[in-house]
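Working notes for the structure below.
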Amino acid sequence: MKPVTHSDMQEDLERVLFEESTILRRIDELAATITAQYQGRELTVIAVLNGSLIFAADLLRRIPLPLKLDCLSVASYHGGTTTTGSVVFKQIILPDIAGRHILILDDILDSGVTLAAIREKLSSKRPLSVKICVLLRKLKPRLRPVEADHVGFNIGDEFVVGYGLDYMERYRNLPCIGVLRKDRINPA
Ligand code: IMP
Ligand code: MG
C-alpha cells in the first residue's frame with residue numbers, strides 16, 4: 001500500500017503547532033485525569049460535531065469507564081474565521097441527561113459563544129454536573145463567560161486547522177494541528 005501523505009494540505013500551513021504524536025501524548029494525560037475524576041459515576045459524554053469528532057474518537061478509547069456517548073451538532077461560524085455570535089442547534093431532540101454527569105467535548109474554546117450556549121441548553125435538562133473538555137483553548141478575552149475544566153493545549157489567537165478543525169470544511173483529516181496561511185483564507 002502507498003503511504004498516506006498530506007503534503008498538499010501541509011503546504012497551506014504557516015507552521016505546525018502540534019504534531020500527531022504530541023497530540024496523542026497529551027490525550028493520554030487528559031484521559032487519565034478524566035478517568036480518575038469519573039470513577040464510579042454515571043458519565044455521559046456529549047461530543048460537539050463536527051470539530052470534536054477525531055479528538056473524541058482518540059480520547060474516549062483511552063477512558064476505560066462504562067460511559068454513554070451522545071453527539072450535538074451546532075453551527076456558529078458559517079464559513080468564516082470569526083464567530084457570528086449566533087449558535088444554531090441542528091437537532092430538535094436533545095439527549096436525556098437528567099441525573100447524569102455530563103462532560104462536553106469540543107475542539108476549541110475561542111469566543112466562548114458556542115460552549116456557553118451548549119452548557120446553558122444542557123444545564124436546563126437537570127444533569128448532576130456539567131463539565132467542559134476542549135482540545136485547544138485560545139488565550140484571548142471571551143465574548144461569553146465560559147471556562148474549560150480540561151484543556152489539551154493553550155494557543156494564541158490564531159486560526160488553526162487539522163485534527164478535526166476545519167476551514168470551510170477542509171483540513172479536518174490533517175493529523176497535526178497548524179496555523180493556516182493567511183493567503184489561504186478568503187476575504188469575507
Ligand atoms: P467559539 O468562538 O468559542 O464559539 O467557537 C466556535 C467554533 O468555531 C469552534 O467549536 C470551532 O469549530 C470554530 N473555531 C474557532 N476557532 C477556530 C480555529 O482557530 N480554527 C478552526 N475552527 C475554529
Ligand atoms: Mg468549524
Side-chain angles (χ1 to χ4, degrees), residues 6 9-20 22-23 26-27 30 45-60 69-91 94-95 102-123 130-188:
H6 295 78
M9 283 187 284
Q10 287 261 13
E11 279 167 17
D12 289 353
L13 297 182
E14 192 177 295
R15 65 186 195 282
V16 172
L17 292 183
F18 308 108
E19 296 288 358
E20 186 179 18
T22 310
I23 299 170
R26 180 68 188 121
I27 289 179
L30 280 177
V45 173
I46 309 251
V48 184
L49 299 180
N50 297 330
S52 76
L53 181 73
I54 291 170
F55 174 42
D58 282 338
L59 181 72
L60 295 186
L69 171 64
D70 267 302
C71 296
L72 271 187
S73 185
V74 297
S76 59
Y77 247 54
H78 313 292
T81 59
T82 52
T83 183
T84 57
S86 73
V87 178
V88 181
F89 286 78
K90 294 193 191 160
Q91 53 274 102
L94 287 176
I102 303 306
L103 182 64
I104 302 169
L105 287 190
D106 206 354
D107 52 358
I108 189 164
L109 176 57
D110 183 18
S111 72
V113 169
T114 306
L115 280 168
I118 292 171
R119 192 185 54 189
E120 206 167 279
K121 195 126 187 163
L122 294 178
S123 298
V130 178
K131 291 205 184 291
I132 294 175
C133 173
V134 291
L135 178 63
L136 303 173
R137 170 169 65 186
K138 284 191 191 172
L139 297 174
K140 64 187 274 193
R142 314 264 174 251
L143 292 178
R144 296 281 313 270
V146 59
E147 248 322 315
D149 302 280
H150 303 280
V151 177
F153 304 98
N154 288 312
I155 63 169
D157 190 7
E158 296 182 290
F159 196 81
V160 296
V161 293
Y163 196 75
L165 290 119
D166 73 305
Y167 173 61
M168 295 179 76
E169 296 305 325
R170 285 193 60 205
Y171 307 105
R172 292 197 198 276
N173 56 330
L174 205 54
C176 64
I177 294 171
V179 178
L180 188 61
R181 273 170 53 177
K182 307 274 180 307
D183 62 359
R184 291 293 182 272
I185 297 173
N186 297 328

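Atoms within each ligand, like the ligands themselves, are counted from 1 in listed order.
At least one heavy atom of Leu165 sits closer than 4.0 Å to an atom of ligand 1. Ligand 1 lies less than 4.0 angstrom from a heavy atom belonging to Glu158. Under a 4.0 angstrom heavy-atom cut-off, Ser111 registers as being in contact with ligand 1. Ligand 1 lies nowhere less than 4.0 angstrom from a heavy atom belonging to Arg144. Ligand 1 lies within reach of Val160, whose nearest heavy atom is under 4.0 Å from it. Residue Leu180 places every heavy atom at 4.0 Å or more from ligand 1.
Val74 has its side chain within reach of Phe89: a pair of non-hydrogen atoms, C-beta onward, lies under 4.5 Å apart.
Checking Ile177, Asp107, Thr114 against atom 10 (O) of ligand 1, the nearest heavy atom belongs to Asp107.
Glu158 pairs in a salt bridge (Lys or Arg N to Asp or Glu O under 4.0 Å) with only one of the listed residues (Arg181, Lys182, Lys140, Arg15), which is Arg15. With Leu109 as reference, Leu115 is the one residue of Leu115, Leu135, Leu139 to meet the side-chain contact (heavy atoms from CB on, under 4.5 Å) rule.
For the residue pair Asp58/Tyr163, the side-chain donor-acceptor check at 3.5 Å is satisfied.
By the 30° and 60° cut-offs, the orientation of the rings of Phe18 relative to Phe153 is parallel.
At a 4.0 Å heavy-atom cut-off, ligand 1 touches Asp106 through the side chain alone.
On a distance-only criterion, Val161 and ligand 1 share no N/O pair closer than 3.5 Å.
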